[in-house]
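The structure appears below as C-alpha cells.
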2 protein chains.
Amino acid sequence: MFSIGELSRRTKVKVPTIRYYEEMGLLAEAERTSGNQRRYDHAGLERLSFIRHARDLGFSIESILSLIELQEHPDRSCQAATEIATSQLMDVRAKIKRLRALEKELVRMSKGCDGDGVSEDCYVLASLADHTLCDHEH
Amino acid sequence: MFSIGELSRRTKVKVPTIRYYEEMGLLAEAERTSGNQRRYDHAGLERLSFIRHARDLGFSIESILSLIELQEHPDRSCQAATEIATSQLMDVRAKIKRLRALEKELVRMSKGCDGDGVSEDCYVLASLADHTLCDHEH
DNA sequence: CCTTGAACCTCTAGTCACTAGAGAATGTAG
DNA sequence: CTACATTCTCTAGTGACTAGAGGTTCAAGG
C-alpha cells in the first residue's frame, strides 16, 4: 500500500491529476487511512498506467471510460475496443494531414522575408492578410 | 456598413466568436448604431479574415495579438513576424512527429484483434495495460 | 513522547478558445 | 404597425487539467 505521491512518482501522473481521474470515475475511489489519506495497491497502479498510456495516445477521458467498461465485461469486448482504437487512429491521421498542409504554408510564409533583398512589406503578414496567396484551401 | 451577422457570413466566423475576439482585443471596438448594434466596414472584414486565417494555421490568440501589433508598427516588423511564424512551424512539426508515433502504435494495436484466429484477450486493451508492448517510448 | 516539516486533504478558481442559453432590445420586410 | 429574425449583454459550460488557500496527517529524528 502506498500514498498518492508514491503513485504519482511511479506513473508520472501528477497528484492533482490522479484526484481528478478519481472524480471523473476513471479510477475507483481509493481506500483511505484513518486520517483520510488515499492508499493504493498494485491494481491501482496498473489501472492508472493504463489510463496514462491511453491519454498519451490521445484517447479522450470519455473513450477511456468506455474502454474500462469493456475491460470489466470481457465478453465481446474486443470488437468494440478495436472500434474505439480505429476511430482514434482515423482522428490522428486527419490531424496529421491537416498539420502537413499547415506546415507547407508556414514554410512558404517564413521563407518569403529573408531572401536576398530587403522586402518592403512583411511576407508573413501579407500571407495572413491575403488568403488567395495560399495554394490550398483550409 | 454591415451587421455582425453579415460579417459572420462573409468570414465564416461565428457571431459569438467575433464578439469574443473584440473582447480579447483582436478586433477594435466596432462602431455602433443608435440602437447599440455593431456595424462593420471593409477594414473590419479584412482584419477578421486575417485573424481567422492565423487561427486556422494554429496561431494562438496571443501570437495573433503580437502579429497585429507588428502590423501597426511596420518598421523592423518583418523579422519579428517571421520569428513568430517560424516558431509556429517548429510547433507544427513537433506535433506531426508525435502524431506519427501514435499512428504507428494505434495501427499495431488495431491489427492485433482481427487476425485469422479468435483472440482470447483483447489486444487493444492489453496494449494499453502493458506499456512494454510498445516499440517506442512516449 | 514530541516536534518538525513534507505530504496530504478539500475546495475554489483559473487556463484556452470558444459555445450555449436566457431574457431583453432592435432592425427590417410586408 | 406588426411579426419575427437578428442583435444585445450576461452568465455558465466545455475538456483536461493546473494553481493556490487554508487546514490536517504522516514519518523521522531527538
Side-chain angles (χ1 to χ4, degrees), chain A residues 1-27 29-40 44 47-48 50-68 84 87-88 91-92 95 98 102 138, chain B residues 1-27 29-41 44 47-48 50-68 87-88 91-92 95 98 102 138:
Chain A
M1 296 297 248
F2 41 85
S3 70
I4 197 169
E6 182 61 25
L7 182 64
S8 168
R9 243 163 281 129
R10 293 202 202 179
T11 56
K12 262 113 200 162
V13 176
K14 283 178 194 157
V15 168
T17 306
I18 297 173
R19 290 197 274 251
Y20 171 73
Y21 287 162
E22 182 182 308
E23 201 185 304
M24 292 297 102
L26 291 182
L27 289 170
E29 294 198 9
E31 284 180 58
R32 303 286 185 129
T33 63
S34 57
N36 199 34
Q37 299 196 356
R38 290 169 180 82
R39 283 302 112 109
Y40 298 90
R47 167 64 73 88
L48 184 53
F50 175 97
I51 293 167
R52 173 168 149 71
H53 197 173
R55 287 290 305 131
D56 278 351
L57 290 170
F59 289 87
S60 69
I61 298 277
E62 217 191 320
S63 294
I64 298 173
L65 270 172
S66 306
L67 289 170
I68 284 171
I84 292 174
S87 135
Q88 183 59 30
D91 223 71
V92 165
K95 277 181 193 153
R98 175 158 173 68
L102 301 194
H138 46 234
Chain B
M1 296 296 247
F2 40 85
S3 69
I4 196 169
E6 181 62 24
L7 182 64
S8 168
R9 242 164 282 128
R10 294 202 202 180
T11 55
K12 261 114 200 162
V13 176
K14 285 181 194 153
V15 169
T17 305
I18 297 173
R19 290 197 274 250
Y20 171 74
Y21 287 161
E22 182 181 309
E23 201 184 304
M24 292 298 101
L26 292 182
L27 289 169
E29 294 198 10
E31 284 179 58
R32 303 285 184 130
T33 64
S34 57
N36 200 35
Q37 298 196 357
R38 290 170 180 82
R39 285 301 112 113
Y40 298 90
D41 57 9
R47 165 66 72 91
L48 184 53
F50 175 95
I51 294 166
R52 175 170 147 71
H53 197 171
R55 286 290 304 132
D56 278 350
L57 290 171
F59 290 86
S60 69
I61 299 278
E62 217 191 319
S63 294
I64 299 174
L65 270 172
S66 305
L67 289 170
I68 285 171
S87 135
Q88 184 59 27
D91 221 72
V92 165
K95 278 182 191 152
R98 171 157 176 70
L102 301 193
H138 47 233

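Because the structure is a prediction, the values reported are computed rather than measured. So you know, we letter chains A, B, ... as the sequences are listed, proteins then strands, and number each from 1.
Atom pair B:Leu26:CG and C:dC16:C1' shows a separation of 13 Å (rounding to whole Å applied). C:dT10 atom C1' lies 16 Å from atom CD1 of A:Ile18, rounded to whole Å. B:Asp56 has its CG atom 14 Å from the P atom of C:dA17, to the nearest Å. Here the C1' atom of nucleotide D:dG15 and the CD atom of A:Glu23 are 13 Å apart, to the nearest Å. At whole-Å resolution of the value, CG in A:Leu27 and P in D:dA16 are 15 Å apart. Protein atom CZ of B:Arg9 is 7 Å distant from nucleotide atom P of D:dT6, rounded to whole Å. Whole-Å rounding puts the A:Ile64 CD1 to D:dA16 C1' distance at 10 Å. Taking atom CZ of residue A:Arg32 and atom C1' of nucleotide D:dC26, one finds them 15 Å apart after rounding to whole Å.
Evaluation of the side chain to side chain donor-acceptor pair (under 3.5 Å) rule for A:Gln88 yields no partner, not counting sequence neighbours. Applying the side chain to side chain contact (heavy atoms under 4.5 Å, CB included) rule to A:Ser60 yields the partners A:Glu62, A:Ser63; only residues at least two apart in sequence or on another chain are considered. Residues passing the side chain to side chain contact (heavy atoms under 4.5 Å, CB included) test with A:Thr33 are A:Gln37, A:Arg39, sequence neighbours excluded. With sequence neighbours left out, the side chain to side chain donor-acceptor pair (under 3.5 Å) criterion links B:Arg47 to B:Glu72. For B:Arg9, the side chain to side chain contact (heavy atoms under 4.5 Å, CB included) partners two or more places apart in sequence, or in a different chain, are B:Glu6. Considering only residues two or more places apart in sequence or on other chains, A:Asn36 meets the side chain to side chain donor-acceptor pair (under 3.5 Å) condition with A:Arg32.
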Distances under 3.5 Å between protein N/O atoms and the N/O atoms of nucleotides 27-30 of chain C, please, pair by pair.
from	atom 1	to	atom 2	distance (Å)
C:dG27	OP1	B:Thr33	OG1	2.8
C:dG27	OP1	B:Gly35	N	3.3

Protein N or O to nucleotides 19-24 of chain C N or O, pairs below 3.5 Å:
from	atom 1	to	atom 2	distance (Å)
C:dT19	OP2	B:Thr17	OG1	3.0

Side-chain donor/acceptor pairs under 3.5 Å, residues 15-25 of chain A, sequence neighbours excluded:
from	atom 1	to	atom 2	distance (Å)
A:Glu22	OE1	A:Arg38	NE	3.0

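Side-chain nitrogen and oxygen atoms of B:Tyr21 include at least one within less than 4.0 Å of the OP1 or OP2 phosphate oxygen of C:dC18. Contact check, A:Arg38 against C:dC8: no side-chain N or O comes under 4.0 Å of OP1 or OP2. Put simply, A:Arg19 has no side-chain N or O that comes within less than 4.0 Å of OP1 or OP2 on C:dA7. Checking the phosphate oxygens (OP1, OP2) of D:dT7, a side-chain nitrogen or oxygen of B:Ser3 falls inside 4.0 Å.
The cationic atom of A:Arg10 (NZ for Lys, CZ for Arg) lies less than 6.0 Å from the six-membered ring centre of A:Phe2 and within 45° of the ring axis.
In this structure, the nucleotide among D:dT7, C:dC9, D:dA16 sitting nearest to the side chain of B:Ile4 is D:dT7.
In terms of heavy atoms, A:Thr11 sits closest to A:Leu7 at OG1-O, 2.8 Å. What you find for B:Gly44 and B:Leu27 is that their closest heavy atoms are O-CD2, 4.5 Å.
Judged by closest nucleotide on DNA chain D, B:Glu6 is the one of B:Glu6 and A:Ser60 placed further toward the 5' end. Between A:Arg55 and B:Val15, it is B:Val15 whose nearest contact on DNA chain D lies nearer the 5' terminus.
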